[in-house]
Amino acid sequence: MTAAARLWHWFDAVVLDLGRQFRWSFLPPLMIYFAAGAQGLTAIVGTFFVKEYLDVSAAFIAGIAFWAGLPWALKMPLGHLVDLIWRWKALLIYVGAALIACSFLIMFGLATRVAWMPEIMSMTAWYVFSVILAPCGYVVQDAVADAMSVEAVPRHDAEGRPLDKDTERALHTTMQTLGRFALIGGASTVALLNIWLFAGIEALPAAEKEVVYGEIYLLALLIPCISISGVLLAGIQKRLTIRRLIQQGMDAVRARAHFDPDGEPVKANHWYFTGGAVFVAMTLTVGLMDLPFSQEIVFAGSMAIVLTLMRQLIRNLTPAKARALVGTAIIVFVFRAVPLNGAAATWFEIDVLGFDQQFLSVLYLITSVLTLVGMVILRPMMASKTIADIVIILSIAAGLLSLPGIGLYYGIHHWTSAMTGGVVDARFIAVLNTAIESPLGQISMIPMLAWIARNAPPALKATFFAVMASFTNLALSASSLGTKYLNQIFTVTREVAGPDGAITTSADYSELGVLMITVATITVLAPVLAVWIVQRSFLRTTD
């Protein structure tokens, strides 16, 4: 076989095959996932809003990230609710859209300095409320999108014949891969928009910057509209499919049942709703009482609730599958729970390296686009390697790819710039590093999602997705706690000036280097150690 023939065979197997497995029924949930990815439209403007208008610390920002991550634990009762109201689940999309729109409108009011808002609450309080409100909307929509991604996989071919198990399994895997594509595709689209919207903004006076920030939040109102459009399209497709099946000779009852889960009707399990109610009550109580270690108390309580519900869920699996699920969940949890550098690293890039809004948007776009490319190219690896192998590979890669960022802190760009006549400067290194590390973030989740789609009980798909998502998203809350602790140990401050221009807080990045080295070390060692322990226990996973 010639080199050209081998290249074409690889391209056909890796790229074209993914397109051949696409079904139009996939589009509605993909639109909802796309909207979730598009929430990054406000990420950069949010970063600069906090830096320029709120006098808060990096540890405080990490704390907000913790609280903002907790609504995702509510996917458990929401997922079970979706299974119970399967035929009316799309109504929840409208609820989520309303919550997301309210969050953007609050930020529009803050960015444009609406006069009456400070009379009710401080700017910081409004900001925290908005940051927590948005994920509440996204988690509602995500629970429905997961259920729709199951419903979107056809169980009959064009002639009405049932699909064989291998074909159905392949379509589930394709659906989950395309779901990640839609998320990153949304991020790529808004990154392009941000490059255009932020063009020349660094030269604008403060009042004109506020106008631009406000316009971006108004533009973000299109995001919930995309989700709603996905629901409307799903309704049209459902009616057309039922009509086609009836025309092919299927009776109306069976045609409508095509969109219902297999198995017995779902019975309400009070554990999922009780667990959700306890979670809400605990969170509100601890938050309103302003107890010491409130985040730690809520995290521990949330973990106890999620583990209890996971125990309820795995009773529906065989012992072998249950053990594999627990082992896989532990590995993925540790991988996602490693701490991050936090806002301090971004502040350093803005203040010291001179990265402006538009350049950060370019980095965001590079990350998004190359993640899409990486997911296509690395799809064979995801199909052939176990989750444990993938986590080890990604952890080591993440550790190595943190070195350029550490090097930038210690001034490596001064040396490289001098050696190359100014070509390999800080921005060149940042772009190159971003291009290399971009595909790694989403890859570990695709095998996990495909495993869930293949092994979840037919009548409890949404519940299964929701409980596992709650567990892995608690890992992100653990990551936020770890980030907060490290930012408290290694204190970093950026310059803050009052309305009169007087400096109220001086910039101090002296401990940032040690912080970044510590994060890189944990990023490699913690997941690798978790894999080593799990794979030598009875929880060993081969998926």
Side-chain angles (χ1 to χ4, degrees), residues 35-36 38-71 96-139 190-191 193-194 196-198 200-225 287 342-344 346-347 350-351 356-358 360-361 364 480 493-502 504-505:
Q39 65 181 293
L41 176 64
T42 60
I44 294 176
V45 66
T47 298
F48 277 84
F49 176 84
V50 171
K51 182 180 180 296
E52 294 171 1
Y53 299 114
L54 300 182
D55 186 6
V56 294
S57 65
F60 179 82
I61 297 298
I64 294 177
F66 171 85
W67 293 108
L70 288 179
L99 294 174
I100 295 167
C102 286
S103 173
F104 290 147
L105 287 173
I106 290 172
M107 290 305 300
F108 169 77
L110 292 179
T112 55
R113 304 299 183 96
V114 173
W116 56 265
M117 293 183 71
E119 298 175 2
I120 299 177
M121 290 191 298
S122 66
M123 288 183 65
T124 301
W126 276 113
Y127 173 75
V128 172
F129 181 52
S130 173
V131 167
I132 294 176
L133 198 61
C136 290
Y138 286 115
V139 71
V190 300
L193 280 173
N194 274 328
W196 173 61
L197 292 169
F198 286 128
I201 193 174
E202 68 278 358
L204 296 178
E208 294 185 31
K209 284 185 180 180
E210 294 172 5
V211 173
V212 174
Y213 291 168
E215 290 175 347
I216 292 175
Y217 281 111
L218 282 182
L219 182 63
L221 292 175
L222 292 175
I223 293 174
C225 294
T346 304
W347 293 344
I350 296 171
D351 288 344
D356 55 30
Q357 293 96 324
Q358 189 176 40
L360 290 177
S361 299
Y364 195 21
S480 296
T493 60
R494 91 284 193 204
E495 184 178 292
V496 178
D500 58 353
T504 58
T505 305

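Source: prediction; values computed, not measured.
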Checklist entry - Any side-chain heavy-atom pair from Met117 and Ile106 closer than 4.5 angstrom? => result yes

Item to check | Partners passing side chain to side chain contact (heavy atoms under 4.5 Å, CB included) against Leu105 (at least two apart in sequence or in another chain) | outcome: Leu221

Item to check | Shortest non-hydrogen contact from Phe104 toward Pro224 | outcome: CE1-CD, 4.4 Å

Checklist entry - What are the two closest non-hydrogen atoms of Leu133 and Cys102, and how far apart are they? => result CD2-CB, 3.6 Å

Checklist entry - Distance from Ser103 atom OG to Tyr127 atom OH, nearest 0.5 Å? => result 9.5 Å

Item to check | Close side-chain approach of Trp126 to Ile120, heavy-atom, < 4.5 Å | outcome: yes

